[in-house]
Peer 1: 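Structure provided below as structure tokens; questions to follow.
In this text the structure is predicted, and so the values were computed from the model without any measurement.
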Amino acid sequence: MTIDKQGEICPMSEMDYSKTLNLPKTDFSMRAGLPQKEPVMVKKWDEEHLYERMLEKNEGKPLYMFHDGPPYANANIHLGTALNKVLKDIIVRQKNLSGFKAPYTPGWDTHGLPIELKALKEIGVSSDIAPIELRRVCHDFALRFVENQKEQFKRLGTIADYEHPYLTLKPEYEARQVEIFGAMANKGYIYKGLKPVYWCPTCETALAEAEIEYNEDKCNSIYVKFNVIDDKDGVLERLGAKDLSKTFVVIWTTTTWTLPGNMAICVGPAFEYCVVAANSEYYVMAKELVGASMKAAGIADYEILGTCLGEELEYITYQHPFLDRQSPVILGDHVTLESGTGCVHTAPGHGVEDFDVCAQHYPEIEVVVPVDKFGNLTELAGEFAGLSTDDANAAIVKKLASTGNLFAIEKIVHQYPHCWRCKDPIIYRATEQWFCSVDDIKEQTVSEIEKVAFVPEWGRGRMINMVRDRSDWCISRQRTWGVPIPIFYCKQCGKYHVNETSIEAVAALFREKGSDAWYTTDAADILPAGTKCAACGCTEFVKETDIMDVWFDSGTSYASVIHDNPDLKWPADLYLEGTDQYRGWFQSSLLTSVAWKGVAPYKTVCTHGWVVDGEGRKMSKSLGNGMEPSEITDQYGADILRLWVASADYHADIRISKDILKQLSEVYRKIRNTARYILGNIAGFTPDKDAVAFDRLTGLDRWALTRFNELVKTVTEAYDRFEFHIIYHALHNFCTIDMSNFYLDVIKDRLYVEAPDSEDRRAAQSTIYTILRGMTLLFAPIIPFTAEEIWSFMPDDSRYDGASVMFNEMPRVIEGISDEAFMEKWDRIHALRDDVLKALEAARNAKTIGKSLEAKVVLHFDGSLAEQIGLTLDELATVFIVSQVEVTAEGAGSYQGTVPFLPGLTIEIAHADGAHCPRCWVYSDTVGKDARHPTLCARCAQIIG
């Protein structure tokens with residue numbers, strides 16, 4: 001008897017038995033609401049000092065040192081920055097959950113030209129500003145963007161020591177950088193010299209290799225005739241050139257503006273050269289390139305008169321086509337026959353190879369630089385003085401055509417170096433610069449690279465090739481916002497002065513007052529009293545006006561952040577940046593570390609690719625395919641952005657689009673719904689009191705835990721290899737296939753129908769609780785907001801710290817749950833179940849049954865099913881989610897089985913026997929056998945009593 005809604009007594013047969021079921025109960029919302037919840041959690045993490053408390057929890061554990069490559073503090077973050085920061089945060093979180101203490105000190109690159117130019121633009125000044133005032137403006141500009149980016153990184157869910165970041169503009173950082181520079185100088189690795197360097201006329205400064213990017217550039221390639229005036233020993237005459245006034249060495253160039261700097265022509269000593277007769281003239285060029293050269297000139301009628309090796313042409317002299325200059329033909333091992341004529345235009349003021357080959361002939365061949373810092377030709381270019389390099393190209397071609405020295409001209413598109421900041425083409429220009437001698441440490445650097453682990457492995461070869469091929473590192477810049485090069489010059493003789501005491505003095509000054517003091521303090525007040533010039537004994541000095549390359553700034557970050565901290569360990573365990581940093585930060589850090597300490601600053605280098613749109617195109621405003629991180633976090637939430645980071649193999653380029661984000665949202669929803677379902681079904685479950693020992697679980701529960709064990713193993717190994725896409729797919733498949741599509745569906749009957757505290761139900765609760773607790777820890781590094789939310793809804797457990805998921809450790813494999821034979825048996829059960837599900841679907845389509853619990857599965861099989869499956873018929877009915885299972889050797893079913901271990905199996909689906917139980921929905925012959933509950937089956941009647 002029970003009381004109805006009107007208060008009347010009603011018979012048990014009219015009772016609402018649904019109220020006796022253990023239906024899920026949880027306040028964990030179905031809708032994620034990430035854009036609204038996440039900012040609140042970020043504020044909470046800040047207020048509760050989550051990062052600091054996490055490290056306190058891990059005190060005494062082995063250190064894992066990740067070192068942050070500093071982003072540039074001059075703009076808001078973009079998707080590439082977000083990708084980079086999330087990858088780092090995943091690693092740091094995972095290490096702190098895996099038995100390590102993994103501190104993370106974020107850093108910012110705060111010096112350099114981009115900040116200087118933007119700061120000038122912001123205050124509306126071009127260049128007419130005192131250095132100290134400009135530096136103040138740049139300082140404030142950089143710090144503003146440090147704070148902006150810091151908040152943007154926090155919004156992505158990253159945790160770090162944001163209260164104490166490293167900044168390259170901090171006095172103690174600048175002082176340490178000066179000390180490393182001094183140590184390298186004292187070892188002889190720093191020198192000043194005249195060399196061709198990458199020069200940006202727009203930015204008016206030298207550039208390093210890491211500051212160059214190659215873009216397509218349209219230009220004219222020209223073939224130029226240089227008139228021979230001295231045949232040396234008559235070699236050309238012997239080859240058939242009868243008139244020197246009509247004999248020309250023909251060169252090819254794509255940089256017409258460099259012709260005023262021509263001081264020689266190089267030939268390959270072992271290549272075969274010839275004299276070619278055509279148009280009543282004689283042309284000297286490599287025999288192998290005659291055909292292509294004549295085709296370019298439109299000459300069909302020509303004759304090769306004679307040949308010789310290039311070495312025989314050495315010291316033939318020629319007249320410059322438009323300057324009063326005579327120059328020699330010289331030999332060069334850098335000459336190739338890939339293009340042109342094999343006779344190489346050589347301008348030592350405009351190319352490293354040109355400079356090096358001409359240096360072997362100094363002083364006979366001088367270095368002429370007829371281009372100023374603005375990219376305009378000087379008086380050394382004669383009639384072309386004052387023209388920009390672009391304008392000079394056209395003017396020089398016109399001049400060559402008028403004098404008859406233009407042999408041929410072609411329009412081409414080639415890859416040309418551009419400034420990575422202003423995006424304009426650069427020029428090669430020989431200037432006095434400060435260099436780090438890479439040659440002196442090249443072999444030791446390569447040796448250190450061999451000891452480093454690279455992810456992916458191909459990075460090792462790339463780094464070795466870059467180091468082997470690189471020239472000396474130009475570390476000086478002709479700008480204001482940066483760390484001054486701590487060098488003094490003697491006022492009397494001009495020799496530069498740097499030694500241990502001068503470096504100590506500058507470092508002490510910077511440590512106390514910052515590098516601005518270089519601009520406000522006289523040299524006499526910086527150097528120790530009595531300092532004398534080693535060359536002439538003079539005691540008066542002036543200071544260097546150049547600043548250091550910002551790659552030297554960031555390339556010494558390991559010293560201040562890790563090396564000098566007694567609580568940390570050096571070298572770092574890991575550096576992680578984009579692939580462009582092989583020639584950038586990875587390399588500058590490596591070179592300074594090897595030069596300073598003789599070892600690499602890192603043990604492992606990991607790289608990621610670029611962010612591209614859904615079609616694989618580079619993102620840009622002009623294409624309209626750009627996407628800001630804030631757009632994603634505002635619409636979808638940071639956890640979706642982080643899931644995107646983890647979803648792809650980030651070593652290659654990573655695609656993103658709204659469609660991709662929608663797909664990721666569906667995957668996230670599956671993970672979230674799995675968690676919500678489990679939370680709803682462990683309501684009232686107290687692990688310390690209600691947990692069932694693993695050895696008392698059902699076979700189905702042990703199967704689920706075994707599958708979870710496999711997930712733990714897969715995820716743990718993938719984290720260790722930094723292969724997060726494997727984790728993403730493993731978690732998605734586990735939630736979808738193992739949990740939702742099978743285990744959680746099958747145990748629904750146990751969870752809903754059995755008595756609340758029955759061992760069968762507690763066993764299921766123990767299993768799903770263990771899985772959810774462990775699964776939350778596994779994905780906490782990837783989707784930390786959701787992990788923390790789930791963690792806050794978990795029941796209290798004395799084995800775990802409930803304050804934060806980050807105060808715990810990753811799950812370990814549960815030993816003794818199953819063996820190989822056990823899982824092979826369940827593989828067979830799953831295979832049989834797949835056949836049954838297909839037969840049930842066919843029966844539904846034929847209207848034989850509706851829901852699966854209306855079905856009786858008849859397995860027609862002549863043999864022992866129990867030996868193959870190991871389950872009772874009732875257990876099989878549970879796994880199939882049907883009311884009854886029968887096995888018979890008689891007759892045949894309409895569905896042909898496919899499982900190889902049950903040959904001849906056929907399956908028939910019939911309507912279940914007995915009546916429908918309104919509580920458990922199972923059809924049973926026992927319905928109506930209990931007078932107290934005449935509509936219930938015997939099991940349900942017994943459960944509710």
Peer 1: With Arg135 as the cation and Trp481 as the aromatic partner, state whether NZ or CZ is under 6.0 Å from the six-membered ring centre and within 45° of the axis.
Peer 2: no
Peer 1: Which of these, His361, Met263, Gln360, sits in a side-chain contact (heavy atoms from CB on, under 4.5 Å) with Ile330?
Peer 2: His361
Peer 1: Considering non-hydrogen atoms only, spot the tightest contact between Glu544 and Ile485 and give its length.
Peer 2: CB-O, 3.6 Å
Peer 1: Who pairs with Tyr104 by ring pair (Phe, Tyr, Trp, His ring centres under 6.0 Å), at least two apart in sequence or on another chain?
Peer 2: Phe66
Peer 1: Measure the spacing between NE2 of His139 and CZ of Phe141 and express it to the nearest 0.5 Å.
Peer 2: 13.5 Å
Peer 1: To the nearest 0.5 Å, what is the distance between CG (Asp573) and OH (Tyr64)?
Peer 2: 5.5 Å
Peer 1: Please name the pair of heavy atoms, one in Thr255 and one in Thr258, separated by the smallest distance, quoted to 0.1 Å.
Peer 2: O-OG1, 2.7 Å
Peer 1: Ignoring hydrogens, what is the shortest heavy-atom contact between Ser588 and Gly555? Give both atom names and the distance.
Peer 2: OG-CA, 3.5 Å
Peer 1: Taking Glu204 first and then Arg477, would you say they form a salt bridge - that is, a charged N and a carboxylate O separated by under 4.0 Å?
Peer 2: no
Peer 1: Could you walk me through whether Trp551 and His111 pass ring-ring contact (aromatic ring centres under 6.0 Å, His included), step by step?
Peer 2: CA-CA 10 Å; Trp551 292 106; His111 287 137; over 10 Å; no
Peer 1: Drop me the distance from Leu113's CG to Asn74's CG, to the nearest 0.5 angstrom.
Peer 2: 10.5 Å
Peer 1: Closer than 3.5 angstrom, by distance alone: can the side chain of Asp109 be matched with the main-chain N or O of Pro71 as a donor-acceptor pair?
Peer 2: no
Peer 1: Run the salt-bridge test on Glu443 and Arg468 with the 4.0 Å N-O cut-off and return the result as yes or no.
Peer 2: yes
Peer 1: If you compare all heavy atoms of Ser471 against all heavy atoms of Val438, which two are closest, and at what distance to 0.1 Å?
Peer 2: O-CG2, 3.7 Å
Peer 1: Using the six-membered ring of Trp518, assess whether NZ or CZ of Lys543 lies under 6.0 Å from its centre and within 45 degrees of the ring axis.
Peer 2: yes
Peer 1: For Thr592, does its backbone N or O pair with a side-chain atom of Tyr189 as donor and acceptor, under 3.5 Å?
Peer 2: no
Peer 1: Between Arg136 and Asp140, does any side-chain N to carboxylate O distance fall below 4.0 Å?
Peer 2: yes
Peer 1: So, for Phe552 and Ile475, which heavy atoms are closest and what is the spacing to 0.1 Å?
Peer 2: CD1-CG2, 4.2 Å
Peer 1: Start with the C-alpha distance between Glu540 and Lys532, add both sets of side-chain angles, then the distance that settles salt bridge (Lys or Arg N to Asp or Glu O under 4.0 Å), and finish with yes or no.
Peer 2: CA-CA 8 Å; Glu540 291 188 75; Lys532 294 182 179 180; over 6 Å; no
Peer 1: Indicate the ring-plane relationship of His67 and Trp585, choosing parallel, tilted or perpendicular according to the 30° and 60° boundaries.
Peer 2: tilted
Peer 1: Rounded to the nearest 0.5 Å, what's the gap from CG on Asp472 to CZ on Phe435? Could you check?
Peer 2: 7.5 Å
Peer 1: With a cut-off of under 6.0 Å to the ring centre and 45° to the axis, is Lys491 in cation-pi contact with Phe541?
Peer 2: no
Peer 1: When you measure from the side chain of Trp199 to the backbone N and O of Lys373, does any donor-acceptor pair fall under 3.5 Å?
Peer 2: yes
Peer 1: Between Glu122 and Arg144, does any side-chain N to carboxylate O distance fall below 4.0 Å?
Peer 2: yes
Peer 1: Drop me the distance from Asp516's CG to Ile132's CD1, to the nearest 0.5 angstrom.
Peer 2: 3.5 Å
Peer 1: Minimum heavy-atom separation for Phe586 to Cys606, with atom names?
Peer 2: CZ-O, 3.8 Å
Peer 1: Between Lys88 and Glu577, is a salt bridge (Lys or Arg N to Asp or Glu O under 4.0 Å) present by the stated rule, with each step listed?
Peer 2: CA-CA 9 Å; Lys88 293 173 178 178; Glu577 301 298 332; 2.7 Å; yes
Peer 1: Checking Ser476 side chain against Trp434 main chain: does a donor-acceptor pair fall under 3.5 Å?
Peer 2: yes
Peer 1: How far apart are the C-alpha atoms of Arg511 and Glu504, what are their side-chain angles, what is the distance that settles it, and do they pass the salt bridge (Lys or Arg N to Asp or Glu O under 4.0 Å) test?
Peer 2: CA-CA 10 Å; Arg511 192 168 277 114; Glu504 287 176 358; over 6 Å; no
Peer 1: Begin with the C-alpha distance, continue with both residues' side-chain angles, and end with the deciding distance and a verdict on ring-ring contact (aromatic ring centres under 6.0 Å, His included) for Phe145 and Tyr72.
Peer 2: CA-CA 9 Å; Phe145 276 100; Tyr72 205 69; over 10 Å; no
Peer 1: Show, in sequence, the C-alpha distance, side-chain angles and deciding distance for Lys597 and Glu448, and conclude whether the salt bridge (Lys or Arg N to Asp or Glu O under 4.0 Å) test is met.
Peer 2: CA-CA 11 Å; Lys597 290 294 182 181; Glu448 284 301 306; over 6 Å; no
Peer 1: Indicate whether any N or O donor in one side chain lies under 3.5 Å from an N or O acceptor in the other, for Thr105 and His164.
Peer 2: no
